[in-house]
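Structure record follows, encoded as structure tokens.
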Amino acid sequence: MTIVATGPSASAATPADRTGRNRKADKDNKGDKGVGPLLRAWRERRRISQLELALRADSSARHISFVENGRSRPSAEMVLRLAEHLDVPVRERNALLLAAGYAPHYPETPLDDPALDALRDGMQRLIQGYEPYPALVVDAGYTVVAANRGIAMLLEGVPERLMTPVQNAMRLTLHPEGLAPRIRNLREWRGHLLAQMERQLALHRSEPLRTLYEEVSAYPVPEDAPGGEPAEPVPYFALPLRIEHGGRVLSFVSSISTFNTPMDVTVAELAIETFLPADPATAKYLHTLAG
């Protein structure tokens, strides 16, 4: 059974909302500087020289320098070409275009739009097929878009107020009344999640994500919060999530998948996270529960 979040999310904005947000992005990102400093910032973040970027984009170092210094206005095609070679996220590519004085290139289709029916159905079949292991789909702000019965099992006992109006994966995991008290390696897993959000914030100038990060990073962590190695050494090949359920400690390693070469902002910001049992005991327990 698939659980689909019905509340609003960052990826389900109305056309008017998106227009307003684009105008704000234009104001915030363009300012008096234009697109040049933004492209320079992305190039420096990627640690690529002007010459190397020019070679990749079939341009010249002189032209790249002129663009970055505001002496030359790049075409929309050049902006997109540079953004592609700098591996700029899709939403930020639209921001670069706005800063250069062009219209956004990539649409932002609401997830409940009929045009994305095939995508939603495919994601639901994917996470349902992963049962009895947990799997979920989140958007850029970690709003849960869909989840399977494995996730529902882990969320048993979480207060309803944390589940509505929308489910947020970070809040559910790290809130003192959420999963946090049951996570046996809370300090390590919390550090892993916060570092993940910090990497995203370095790529996306997202105020909602920044607000969420400030909220969850401020949640108190008890001095006696569990952490460290399990009582019996296990040859984990990645940092596991060790969580109590039904008097047992289950161990999972997570894998995050995104869509390759997305042409839509909403699709680009979706992530499918699956939790693979990290030991035979966890796998056996989940299959037993599933009958």
Side-chain angles (χ1 to χ4, degrees), residues 1-18 20-21 24 89-91 108-117 119-128 130-131 134-183 189-190 193-194 196-197 200-201 204-219 241 243 254 256-259 262 264-275:
M1 177 180 180
T2 300
I3 307 168
V4 180
T6 57
S9 69
S11 61
T14 65
D17 291 337
R18 294 197 301 276
R21 187 161 59 212
K24 184 177 185 301
V90 172
R91 181 182 295 277
E108 186 174 357
T109 309
L111 193 56
D112 59 358
D113 191 287
L116 297 184
D117 282 350
L119 174 71
R120 291 195 311 275
D121 291 344
M123 291 190 301
Q124 290 178 359
R125 287 195 300 269
L126 179 63
I127 62 175
Q128 187 174 12
Y130 200 71
E131 294 175 354
L136 75 164
V137 183
V138 297
D139 66 13
Y142 291 97
T143 297
V144 178
V145 173
N148 67 4
R149 287 182 292 187
I151 292 293
M153 173 205 69
L154 292 180
L155 292 177
E156 291 174 358
V158 172
E160 183 66 22
R161 66 183 187 85
L162 291 181
M163 305 284 285
T164 57
V166 295
Q167 298 176 13
N168 184 278
M170 287 295 180
R171 187 174 293 116
L172 287 169
T173 302
L174 297 178
H175 196 281
E177 297 180 20
L179 298 180
R182 292 164 41 202
I183 298 177
W189 193 252
R190 176 181 181 273
L193 294 182
L194 293 181
Q196 176 178 306
M197 296 183 74
Q200 284 184 271
L201 286 168
H204 303 276
R205 292 179 292 275
S206 168
E207 283 305 313
L209 185 60
R210 169 65 63 182
T211 300
L212 176 65
Y213 174 82
E214 292 174 353
E215 175 192 335
V216 299
S217 63
Y219 289 158
L241 167 64
I243 185 169
S254 70
I256 298 177
S257 303
T258 56
F259 290 90
D264 186 284
V265 174
T266 299
V267 178
E269 295 180 345
L270 292 176
I272 303 172
E273 184 165 15
T274 55
F275 293 84

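Between V216 and L193 there is no side-chain heavy-atom pair separated by less than 4.5 Å. You'll find the side chain of V144 stays beyond 4.5 Å of the side chain of V166, heavy atoms only. Annotation: side chain of M170 is in contact with side chain of Q196 (closest heavy-atom distance under 4.5 Å). In this structure the side chain of T173 reaches within 4.5 angstrom of the side chain of I183, judged on heavy atoms. Residues L212 and M197 form a side-chain contact, since some pair of their non-hydrogen atoms from C-beta on lies under 4.5 Å apart. Within the 4.5 Å cutoff, the side chain of L136 has heavy atoms near those of the E273 side chain.
A donor-acceptor pair under 3.5 Å is formed between the side chain of N148 and the backbone N or O of I151. The closest donor-acceptor contact from the side chain of T266 to the backbone of P110 lies at 3.5 Å or more, if one exists at all. Judged by distance alone, with hydrogens and angles left aside, the side-chain atoms of R171 form no donor-acceptor pair with the main-chain N or O of M163 at under 3.5 Å. Checking side-chain atoms of D139 against main-chain N and O of E269 turns up no donor-acceptor pair under 3.5 Å. Judged by distance alone, the side chain of R210 and the main-chain N or O of L201 form no donor-acceptor pair under 3.5 Å.
Taking the six-membered ring where tryptophan is involved, the planes of F275 and W189 are tilted, since the angle between them lies from 30° to 60°.
The nearest pair of heavy atoms linking E156 to R182 is O-NH1, 3.3 Å. For the pair S206 and L209, the tightest heavy-atom approach, listed with the atom from each and the gap, is OG-N, 3.2 Å.
Taking NE2 of H204 as the start and CD of Q200 as the end, the distance is 6.0 Å to the nearest 0.5 Å. Taking CG from L126 and OG1 from T274, the interatomic distance works out to 8.0 Å, rounded to the nearest 0.5 Å.
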